[in-house]
Amino acid sequence: ETGVTQSPTHLIKTRGQQVTLRCSSQSGHNTVSWYQQALGQGPQFIFQYYREEENGRGNFPPRFSGLQFPNYSSELNVNALELDDSALYLCASSLAGDNEQFFGPGTRLTVL
Amino acid sequence: AQRVTQPEKLLSVFKGAPVELKCNYSYSGSPELFWYVQYSRQRLQLLLRHISRESIKGFTADLNKGETSFHLKKPFAQEEDSAMYYCALFRRGSQGNLIFGKGTKLSVKP
């Protein structure tokens, strides 16, 4: 069984740029959720994808967008980066109907 | 509002001492609660969920609906228990997702 993987591990961008983060779900999982974890905080829900569609969204602006592909992998895109976007971005996969989520190692994004 | 509160940022105990990590929640409806743990340089992983009522690595947690709490306990702490612990509440509905507390760092001293 393959766990959740994320790429890249680290990323440095400047304000105003755009970034794409990637996630491969655990084998057999069809639902992917994205979380933002700022320093010293718990993870905060960004959105969730199921069957290639956004299935729920947290309190994040539209410049945070995503995709899910037929193989259940997912991307998180952030446009017009701001300094406050600096955080660890976590991807979690699950099976629809089961509330247990399995997390990837995260992508550390630094915005300068 | 749906919320998870972990009142302690840091909890320091000696090896062999009992440990209790506090978690309080606010949720209208029947809650589903989890404890996640993050060891140094490792990913966030599930420690236990209240519906399974299992004991993992000697940890237990009981859901107290009257006090809206889900405290994590272990009778004898080990050095390898040192980690960040996050309490999380599953929010049902179209936005089914986890609401996390800010976490408690547990430090077990030899």
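So that the names make sense, note that chain A is the first sequence line, chain B the second, and so on, each numbered from 1.
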Problem - Proximity breakdown for B:Leu44 and chain A, heavy-atom pairs closer than 4.5 Å - result: both
Handout entry: Transitive ILVMFWY side-chain link A:Leu76 to A:Phe45, under 4.5 Å
Key =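 In one cluster with A:Leu76: A:Phe45, no.
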Exercise for the section: Pick one of side chain, backbone, both or neither for A:Gln37, based on which atoms fall under 4.5 Å of a heavy atom in chain B. Expected result: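 Interface part for A:Gln37: side chain.
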Problem - A:Gly66 backbone acceptor or donor facing A:Tyr49 side chain under 3.5 Å - result: yes
Practice task
Output yes when a side-chain donor or acceptor of A:Ser93 lies under 3.5 Å from a complementary backbone atom of A:Val32, and no otherwise.
Solution key: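 Flag not set: sc A:Ser93 to bb A:Val32 has no pair under 3.5 Å.
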Problem - Largest heavy-atom contact set with chain B, pairs under 4.5 Å, which of A:Gly40, A:Pro43, A:Pro105 - result: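 Looking at each option in turn, the highest pair count goes to A:Pro43.
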Practice task
Can you label the angle between the A:Phe103 ring and the A:Tyr35 ring as parallel, tilted or perpendicular, going by 30° and 60°?
Solution key: tilted
Practice task
For the residue pair B:Tyr36 and B:Phe34, categorise the inter-ring angle as parallel (less than 30°), tilted (30 to 60°) or perpendicular (more than 60°).
Solution key: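 Rings of B:Tyr36 and B:Phe34: tilted, 30 to 60°.
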Practice task
Considering only heavy atoms, give the residues of residues 100-110 of chain B separated from chain A by less than 4.5 Å, sorted numerically, with 'none' for an empty result.
Solution key: B:Phe100, B:Gly101, B:Lys102
Exercise for the section: Determine the minimum heavy-atom distance between B:Gly16 and B:Phe76, stating which atoms define it. Expected result: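 Distance-wise, the nearest heavy atoms are O-CD2, 3.4 Å.
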Exercise for the section: Take A:Arg63 and A:Glu82, measure what salt bridge (charged side-chain N to carboxylate O under 4.0 Å, His left out) needs, and give me the verdict at the end. Expected result: CA-CA 11 Å; A:Arg63 59 189 185 84; A:Glu82 300 177 0; 3.3 Å; yes
